[in-house]
> 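Below is a structure I'd like to ask you about.
Proteins come first, then strands; the chains are lettered A, B, ... in the order of their sequence lines, and each starts at number 1.
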Protein chains: 2
Amino acid sequence: MAQNRRRPTRQRTAVQALLEQTDDFSSAQELHARLRASGDAVGLATVYRTLQAMAADGDVDVLRTDDGEAAYRQCSTGHHHHLVCRTCGATVEVEGPAVEKWSERVATEHGFTDVHHTLEIFGTCADCARAARSS
Amino acid sequence: MAQNRRRPTRQRTAVQALLEQTDDFSSAQELHARLRASGDAVGLATVYRTLQAMAADGDVDVLRTDDGEAAYRQCSTGHHHHLVCRTCGATVEVEGPAVEKWSERVATEHGFTDVHHTLEIFGTCADCARAARSS
DNA sequence: TTTGAAGTTGACAATCATTCTCATTTAAGC
DNA sequence: GCTTAAATGAGAATGATTGTCAACTTCAAA
Ligand SMILES: [Zn+2]
Ligand SMILES: [Zn+2]
Ligand SMILES: [Zn+2]
Ligand SMILES: [Zn+2]
């Protein structure tokens, strides 16, 4: 994977701390704005670089929203997928051993190697469904 | 879903025809360039609009490449997923009934409704693996 | 602790896919 | 043919992401 030769700078620490307080997937822009608002400002480019480095190191998960923006989240370690509310962003980590096996089998059957997959489930969470109904 | 009130224009026809000859997932930019090269030029904005309309109508599949670009492909009808070579773009349509059930069950268990999912498998196809080995 | 190489940062410019605008065409129905 | 709403396209605008590069830190050797 990647060298964990990252230096512990104020900026990196600030980004990590913010991610720890955050439960939803957030874009680099959002995180940057929140850092600035909290007085712990970090340059936008640095936010991007830090998040990408963390993703490369496997310290955060990334997914692409419907409109193609990258969103990051501090997740538990180990391979898993996400159930994401497309309204409020609430996120649940889910695991599916069967899916993992299926995906690997399918790839092998077709002669593919060096395989990885993306799997995200989007929907409306109970809270948002309720809110929508009573409006 | 969407009204199929689309007008059969030269442009729309050209895009559809091109998609029919194309086996790989292609970006709007790529398709636009190929149309222009083939003399059957269509405005870039129109290519975008047409592809989005076709996607909304379920006539083409869309996926996001690793760098966030939308790629389109004329697929068989019915719900399925893709096994895509990240080097040459070769694409295989795959189905996984077990995955469908799992995804629905997981969503229901967490109170999510109006659910859909994205699942793509990326890897290196046999041909590309061979080519890489002999270089 | 001083010091220098190497990693980091940030303001700002540059990219580049995608969307928007709006004047001009075109298909559909009468 | 005539009317009208949909469709088109050239070019501007948007907006996320990346590139640039001088200034700033960290680290560890001296
Ligand atoms: Zn919600
Ligand atoms: Zn998985
Ligand atoms: Zn290939
Ligand atoms: Zn599916």
> Given side chains that start at C-beta, do those of A:His81 and B:Val106 come closer than 4.5 Å, heavy atoms only?
no

> Please determine whether a side-chain nitrogen or oxygen atom of A:Tyr48 lies at a distance below 4.0 Å from atom OP1 or OP2 of D:dT17.
yes

> Please determine which of B:Asp24, B:Asp23, B:Thr22 meets the side chain to side chain donor-acceptor pair (under 3.5 Å) test together with B:Arg73.
B:Asp23

> So, taking the atom named NE2 in A:His32 and the one named CZ in A:Arg34, what distance separates them when rounded to the nearest 0.5 Å?
13.0 Å

> Both B:Ser27 and B:Pro8 contact DNA chain C. Which one's nearest nucleotide lies toward the 5' end?
B:Ser27

> In whole angstrom, what separates B:Asp67's CG from D:dG19's P?
12 Å

> Strictly below 4.0 Å: does B:Thr9 bring a side-chain N or O up to OP1 or OP2 of D:dA6?
no

> Can you give me the closest heavy-atom contact between A:Cys125 and A:Cys85, atom names plus distance?
N-SG, 3.5 Å

> Counting any heavy atom closer than 4.0 Å, what does A:Gln29 reach on the DNA or RNA strands: base, sugar-phosphate only, or nothing?
base

> Rounded to whole Å, how long is the line connecting atom CZ of B:Arg12 with atom P of C:dA28?
11 Å

> Using atom CG of A:Leu51 as one end and atom C1' of D:dA16 as the other, report the distance to the nearest whole Å.
13 Å

> NE2 of B:His32 versus C1' of C:dT19: gap in Å, rounded?
15 Å

> Does A:Arg10 put a side-chain nitrogen or oxygen below 4.0 Å from OP1 or OP2 of C:dG10?
yes

> I need the CD-C1' distance between B:Gln52 and C:dC20, as an integer number of Å.
12 Å

> What is the distance, rounded to the nearest whole Å, between atom CG of A:Leu44 and atom P of D:dT17?
9 Å

> Any N or O donor-acceptor pair linking the side chain of A:Arg49 to the base of C:dG10 at under 3.5 Å?
yes

> B:Asp40 CG to D:dT8 C1': how many Å, rounded?
14 Å

> For A:Thr50 and A:Arg12, work out which heavy atoms get closest and say how close.
CG2-NH1, 4.1 Å

> Answer with yes or no after comparing the ring centroid distance for A:His117 and A:His79 against a 6.0 Å cut-off, counting only values under it.
yes

> Please work out whether the ring planes of A:Phe122 and B:His116 are parallel, tilted or perpendicular, with thresholds of 30° and 60°.
parallel

> Between B:Gly43 and B:Arg7, who's closer to the 5' end of DNA chain D by nearest nucleotide?
B:Arg7

> The helix from C:dT1-D:dA30 to C:dC30-D:dG1: angle between its terminal axes, five pairs each, to 10°?
30°

> Would you indicate, yes or no, if D:dA7 has its OP1 or OP2 atom less than 4.0 angstrom from a side-chain nitrogen or oxygen of B:Thr46?
no

> Could you state the atom-to-atom distance from CZ of B:Arg6 to P of D:dA5 in whole Å?
18 Å

> Does A:Gln11 place a side-chain N or O at less than 4.0 Å from the phosphate oxygens OP1/OP2 of C:dG10?
yes

